[in-house]
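Before any comments, here is the structure.
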Amino acid sequence: MMFFRRFLIGSSLTLTGFLAGSLIERRKQEPCQKVFPGLFDAVYAATPVSLPDVQSHKNVTSNRISQIMRFGFPGFDQIRSFDDYVLSYDRRNRVAHWVFEHLTPETVKHNPEVDRAKCDFKRDETVHPFFRSDNSDYKHSGFDRGHLAAAGNHKANQKHCEDTFFLSNMAPQVGKGFNRDAWNKLEKYVRKLTKKYSNVYCCTGPLYLPRKEADGKMYVKYQVLGTNSVAVPTHFFKVVVCERSDGRLEMEAYVMPNQVINDESPLTMFQVPPETIERAAGLLFFSQINRRHLVSINGKNV
DNA sequence: TTTGCTGT
């Protein structure tokens, strides 16, 4: 494997190297492909298997996954499931397409035995070396390793918290003024929704939005970090669905630019129609929702 | 409080 890594880094990518890499990847993916499109089977195959009792863990996990994904998958590229969240990985950009969480008063409840400081940012060994990011990519980059599934949403259980520290759940985020401020405020707001609603479903991900350049044409331009060329998203989105006690659903959708944001800006300033995000990201959110149950979008009745 | 960084 080291040979291929050096091959990639040290010289230009030739057809031979590409084919060799493809074969390795195909071999690794085969068990998953065989059972596809059995959705939960595919999720099983992506589950890390270094666990003492794999079979019972599978059952517990798959029950939880079906809860989290109750209203449908936004897309099906490179699905990976963890004990308390689900992720779709973008191998080209080395950042997830989306992560999905199900928050309840119980799952966000503070457990004094859970210590975030004991968690380390770690590379996701389940991602092929060609396509995974590493801590070195972020070091001295000027960007934070920003959680997509927030650690603060998984404070009830130490392993759940640690699962959010895989680099597959990270994206390069502007630190001061964004990740540690406006974006953090949005994450706290979503957590707080569990005080009012018994079920909160949250989908989070990056966007790479076009922008008009000096020549008047539209271009998608974004920085990449380190030897693995980890993409720096131009924006991040969050789409949230809250279930009321009467079973009715309320949806909110936000897009924030990955830049310093004025601390005075209210969160409502970043609300957008969810279909705007769907078109920009190539995803469909909450497609399994019965639209008759959806009563409001961004606070406006529908 | 929660979000992270750098350097030893």
Side-chain angles (χ1 to χ4, degrees), chain A residues 82 84-85 87 94-96 98-124 132-196 200 202-207 222-228 230-238 240 252 254-267 269-270:
Chain A
F82 299 89
D84 206 36
Y85 76 101
L87 177 152
R94 286 82 167 156
V95 172
W98 52 263
V99 304
F100 225 98
E101 299 166 276
H102 169 227
L103 311 182
T104 70
E106 291 74 38
T107 67
V108 302
K109 195 173 67 182
H110 180 247
N111 176 349
E113 289 178 13
V114 174
D115 186 0
R116 181 193 160 118
K118 287 180 184 162
C119 302
D120 293 317
F121 292 91
K122 51 197 182 283
R123 67 172 178 235
D124 188 339
R132 72 185 172 214
S133 61
D134 218 328
N135 282 315
S136 58
D137 297 314
Y138 287 85
K139 203 171 176 74
H140 301 297
S141 70
F143 290 92
D144 278 10
R145 294 165 292 191
H147 283 69
L148 293 174
N153 293 349
H154 305 273
K155 282 291 187 68
N157 177 293
Q158 185 69 29
K159 179 167 187 304
H160 293 179
C161 188
E162 283 172 11
D163 275 354
T164 68
F165 278 76
F166 285 109
L167 288 177
S168 48
N169 182 44
M170 301 299 159
Q173 289 185 327
V174 169
K176 197 173 178 327
F178 183 73
N179 181 37
R180 308 172 197 184
D181 296 291
W183 184 253
N184 188 23
K185 191 162 84 176
L186 178 58
E187 291 179 333
K188 286 186 197 171
Y189 166 75
V190 172
R191 266 198 294 284
K192 208 173 162 187
L193 289 172
T194 59
K195 306 243 179 233
K196 184 176 172 191
V200 176
C202 180
C203 184
T204 308
L207 292 171
Y222 52 90
Q223 188 182 345
V224 294
L225 306 182
T227 52
N228 294 308
V230 181
V232 180
T234 63
H235 296 70
F236 291 91
F237 69 79
K238 248 181 213 303
V240 182
E252 295 178 18
Y254 298 86
V255 170
M256 281 189 178
N258 188 14
Q259 60 192 42
V260 175
I261 289 173
N262 186 326
D263 219 26
E264 309 300 310
S265 311
L267 287 177
M269 214 178 108
F270 302 98

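Order of the sequence lines sets the chain letters (A, B, ...), proteins ahead of strands, with each chain counted from 1.
Listed by first and then second residue, the salt bridge (Lys or Arg N to Asp or Glu O under 4.0 Å) pairs involving residues 181-192 of chain A amount to none (not counting sequence neighbours).
For Ala151(A), the side chain to side chain contact (heavy atoms under 4.5 Å, CB included) partners are Arg116(A), His147(A), Cys161(A), Thr164(A), Phe165(A), not counting sequence neighbours. The side chain to side chain contact (heavy atoms under 4.5 Å, CB included) check on Asp163(A) picks up Phe82(A), Asp83(A), Tyr85(A), Lys159(A), Phe166(A), with sequence neighbours excluded. Partners of Tyr254(A) according to the ring pair (Phe, Tyr, Trp, His ring centres under 6.0 Å) rule, which considers only residues two or more places apart in sequence or in another chain, do not exist here.
Within residues 180-187 of chain A, the residues that have a heavy atom under 4.0 Å from DNA chain B are, in order of number, Arg180(A), Asn184(A), Glu187(A).
Read 5' to 3', the first and last nucleotides of DNA chain B with an atom closer than 4.0 Å to a heavy atom of chain A are dT1(B) to dG7(B).
If you check every strand for non-hydrogen atoms under 4.0 Å, Lys176(A) touches nothing. Gly175(A) comes within contact range of no nucleotide atom at all, as no heavy-atom separation falls under 4.0 Å.
If Tyr138(A) and Ala151(A) are placed on DNA chain B by their nearest nucleotide, the residue sitting closer to the 5' end is Ala151(A).
When atom types are taken as modelled, the side chain of Asp120(A) and the backbone of Lys122(A) share no donor-acceptor pair closer than 3.5 angstrom. Judged by distance alone, the side chain of Thr234(A) and the main-chain N or O of Leu207(A) form a donor-acceptor pair under 3.5 Å. Under the 3.5 Å distance criterion, the side-chain polar atoms of Glu101(A) are left unmatched by any main-chain donor or acceptor of Asp84(A). Looking only at distances, a side-chain donor or acceptor of Asn258(A) sits under 3.5 Å from a matching main-chain atom of Val174(A).
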